[in-house]
Amino acid sequence: MGEDREEGGRLMPDTPSFPRVRFAPSPTGYLHVGGARTALFNWLFARHFGGTFILRIEDTDFERSSEAMVEGILEGMRWIGLDWDEGPFFQSQRLPLYQATAQKLIDSGYAYYCFCTKDELEARRAQGTAAMYDRRCRALDPPESKQRRLDGQAAAVRFAVPDGSTSWNDAVFGRVEFANAELEDFVLLRSDGIPTYHLSVVADDIQMRLTHIIRGADHISNTPKQVLQYRALQAELPVFAHVPLILGPDKTRLSKRHGATSVIAYKDMGIVPEAFRNFLALLGWSPGSAHRDREIFSSGDLIQLFTLDGISKSNAVFDNDKLAWFNTEYIRAYASEKLLPLIETEWKAAQFTPTRSREELLAAIDLLKPRARSLKDFATLFRAYFRDDFEYDPAAVTKFLADPELPAWLQELATRYAAAPEFTEASAEEILRVFAAEKNIKAGALINGSRVALTGQAVAPSLFAVMAALGKDRVIERLSAVAKVPATG
RNA sequence: GGCGCCAUGGUGUAACUGGUUAACACGCCGCCCUCUCAAGGCGGAGAGUUCGGGUUCGAUCCCCGAUGGCGCUGCCA
């Protein structure tokens with residue numbers, strides 16, 4: 001790792017200099033897709049540069065925050081494989097820091113008490129005269145304000161936005177500037193002493209010595225308010241990197257309207273965590289032209305490749321089809337030993353208990369994984385490989401078991417297998433083809449019919465591989481029982 | 001409404017930051033393979049880079065404007 005080469009100690013975006021970053025969700029909901037991606041980017045950035053990734057829970061909105069949500073967020077992060085080095089810190093436990101920071105701002109003249117009540121403000125807004133706070137309390141004499149406070153009057157603390165303009169050099173958007181006239185004298189501390197987001201982020205980001213703030217682009221408009229506080233507090237500015245938002249297929253901001261929005265919902269859909277992480281990483285970020293023809297990146301690849309300048313400026317649409325593709329790629333590439341625990345989790349959730357040995361399970365998984373689109377398939381489509389009670393798909397029966405002569409043939413075929421000295425993938429095929437030739441029927445008809453009789457499905461791996469996986473006894477048993485398959489009309 | 005940001009096929013992204021037949025992946029279509037379905041192989045349709053001006057010998061890339069989308073506009077975060 002190199003030295004910090006920038007003058008003033010400022011860390012520029014890709015300076016390899018032990019950056020400190022954070023993910024700061026507010027526990028008013030589960031970990032959603034956008035938050036997960038922000039967390040992922042921060043994590044990748046920290047890991048890439050050997051920095052520190054901090055988790056901070058922004059729970060100053062007591063009304064809407066809950067402990068269950070905190071647990072949900074942690075669960076989501078663990079699921080996609082994100083670990084943190086410090087925290088979780090809870091803002092609700094750091095109130096004194098914010099109050100002290102507010103006091104500092106008041107003492108230095110950058111903030112003032114505001115005695116307007118919420119109702120008064122609302123009324124003024126309703127009149128339509130003042131879209132922004134009219135700063136009336138800013139005109140109050142400091143000694144007078146102090147006295148009113150001492151007398152027990154409730155007051156919020158507002159930041160006194162100066163004239164001029166505020167700008168910063170965003171690591172992804174470049175220079176961004178706001179006229180201060182567009183900013184209102186925002187509240188730092190509510191009248192009950194609880195800080196607002198504007199104060200608590202800045203106080204914490206400074207106290208935690210963060211060097212880079214990587215967060216959603218929805219915070220761009222908040223940034224000037226924060227920059228102003230850094231200046232007032234004489235703190236060094238971190239590098240801001242705003243990440244574009246994730247949109248739904250209709251190009252509006254992703255929300256429950258679009259279906260699953262919680263990360264855990266994707267777990268429940270049978271998505272493999274690495275597939276989800278890979279997909280997410282490529283939403284709004286690209287490793288650049290050197291890797292333009294690659295899409296599959298392991299966690300290690302991503303860490304090695306991730307830098308801020310690969311982040312794009314435009315919003316990205318969440319594409320379920322592409323996620324599904326990543327999922328099949330990962331499931332197919334996984335060793336069955338690695339897949340088994342994930343599938344077992346799925347089985348547990350589906351209250352499905354396999355009745356096979358571990359070896360048989362692994363063999364079946366190896367056979368089936370190229371055709372799986374989701375972990376769910378192992379409890380549904382592929383049930384017949386793991387248990388002996390399974391349903392016959394009516395469509396499959398109609399398609400391949402409709403011939404009235406077929407059941408008798410399959411039963412006879414079963415007796416051939418029973419009489420055969422050995423039962424292997426090759427011998428099973430040999431026997432079936434000889435049988436078909438003898439009876440002068442198409443091998444394909446026998447094969448397709450057998451497939452349905454053995455698995456209940458029209459879709460499966462090569463039949464003889466299936467037979468080998470199922471074993472001689474089960475093959476004979478299921479072929480013999482073909483007459484019991486419910487016919488369809 | 002005000003302010004800010006963004007704009008490459010349906011989707012995600014590339015394009016040595018002015019010179020390419022605008023590339024890759026997903027999706028879609030077709031063919032091959034074949035015992036089904038996937039996978040795989042091969043091929044195809046689909047953008048002239050939102051639109052209009054400018055700068056330039058030359059603009060996806062620079063400038064201006066328009067349009068559209070998104071964000072913010074709370075004693076929410």
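Given the structure is predicted, the values throughout are model-derived calculations rather than measurements. Residue numbering restarts at 1 for every chain, and letters A, B, ... go by the order of the sequence lines.
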Would you tell me whether [X] and [Y] have side-chain atoms, one donor and one acceptor, within less than 3.5 Å of each other?
| X | Y | value |
| --- | --- | --- |
| A/R215 | A/T223 | yes |
| A/H258 | A/D250 | yes |
| A/S298 | A/D301 | yes |
| A/Y197 | A/D61 | no |
| A/Y112 | A/D185 | yes |

Looking for any heavy atom pair under 4.0 Å, which part of the strands does [X] touch: base, sugar-phosphate only, or nothing?
| X | result |
| --- | --- |
| A/F464 | base |
| A/S462 | base |
| A/P461 | base |
| A/A316 | sugar-phosphate |
| A/G216 | nothing |

Taking atom [atom1] in both [N] and [M], what distance in whole Å separates the two?
| N | M | atom1 | answer |
| --- | --- | --- | --- |
| B/C61 | B/U50 | C1' | 16 Å |
| B/C6 | B/A66 | P | 16 Å |
| B/C51 | B/C42 | C1' | 39 Å |
| B/C72 | B/G54 | C1' | 32 Å |
| B/U21 | B/C16 | P | 15 Å |
| B/U60 | B/G19 | C1' | 13 Å |
| B/U49 | B/G9 | P | 10 Å |
| B/C35 | B/G10 | P | 39 Å |

What is the separation between atom [atom1] on [X] and atom [atom2] on [N], rounded to the nearest whole Å?
| X | N | atom1 | atom2 | answer |
| --- | --- | --- | --- | --- |
| A/E182 | B/G1 | CD | P | 15 Å |
| A/L367 | B/A39 | CG | P | 17 Å |
| A/R451 | B/C37 | CZ | P | 9 Å |
| A/K313 | B/U17 | NZ | P | 14 Å |
| A/R175 | B/C5 | CZ | C1' | 15 Å |
| A/L282 | B/A14 | CG | C1' | 12 Å |
| A/F297 | B/G12 | CZ | P | 17 Å |
| A/F276 | B/G12 | CZ | C1' | 15 Å |

Give every donor-acceptor pair under 3.5 Å between a side-chain atom in residues 113-122 of chain A and any protein atom, sequence neighbours left out.
| unit_1 | atom_1 | unit_2 | atom_2 | d |
| --- | --- | --- | --- | --- |
| A/T117 | OG1 | A/E120 | N | 3.1 |
| A/E120 | OE1 | A/T117 | N | 3.0 |

### Query
Stems in RNA chain B: runs of 3 or more consecutive Watson-Crick or G-U pairs, distances under 3.5 Å?
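Ordered by first number, the stems with RNA chain B (at least 3 consecutive pairs each) read B:1-7 with B:67-73, B:10-13 with B:23-26, B:28-32 with B:40-44, B:50-54 with B:62-66.
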### Message
By nearest heavy atom, map A/L463 and A/P370 onto RNA chain B; which one lands nearer the 5' end?
### Response
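The answer here is A/L463.
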#### Entry: 5' priority, RNA chain B, between A/P244 and A/V459 [closest heavy atom]
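Going by which nucleotide is closer to the 5' end, it is A/P244.
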### Query
How would you list, by chain and number, every residue that makes a side-chain hydrogen bond (donor to acceptor under 3.5 Å, both in side chains) with A/R190, sequence neighbours excluded?
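side-chain hydrogen bond (donor to acceptor under 3.5 Å, both in side chains) list for A/R190, sorted by chain: empty.
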### Query
For the rings on A/F41 and A/F306, is their centre-to-centre separation under 6.0 Å?
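Ring centres of A/F306 and A/F41 closer than 6.0 Å.
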### Message
Check for me whether the distance between the ring centres of A/F318 and A/Y266 falls short of 6.0 Å.
### Response
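Yes, the ring of A/F318 comes within the 6.0 Å limit of the ring of A/Y266, centre to centre.
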### Query
What are the two closest non-hydrogen atoms of A/A241 and A/D170, and how far apart are they?
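Where A/A241 meets A/D170 most closely, the heavy atoms are CA-OD1, 3.8 Å.
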### Message
Return a single string for nucleotides 64-77 of chain B, one symbol per nucleotide in 5' to 3' order, where B is base contact, S is sugar-phosphate-only contact and - is none, cutoff 4.0 angstrom on heavy atoms.
### Response
-----SSBS-SBBB
### Summary
Protein-proximity profile, nucleotides 20-30 of chain B, B/S/- by nucleotide at the 4.0 Å heavy-atom cutoff, equals ---SSBS----
### Message
Taking syn as a glycosidic torsion within 90° of 0 and anything else as anti, which one is B/G46?
### Response
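B/G46: anti glycosidic orientation.
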### Query
Would you call A/K439 and A/E405 a salt bridge, using N to O less than 4.0 angstrom?
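Looking at A/K439 and A/E405, the cut-off is not met.
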### Message
Strictly distance-based, threshold 3.5 Å: is any side-chain N or O of A/R37 a donor or acceptor partner for the main-chain N or O of A/L283?
### Response
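Pair found, side chain donor or acceptor close to backbone of A/L283.
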### Message
Going by salt bridge (Lys or Arg N to Asp or Glu O under 4.0 Å), name the residues that satisfy it together with A/E182, two or more places apart in sequence or in a different chain.
### Response
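A/E182 satisfies salt bridge (Lys or Arg N to Asp or Glu O under 4.0 Å) with no other residue.
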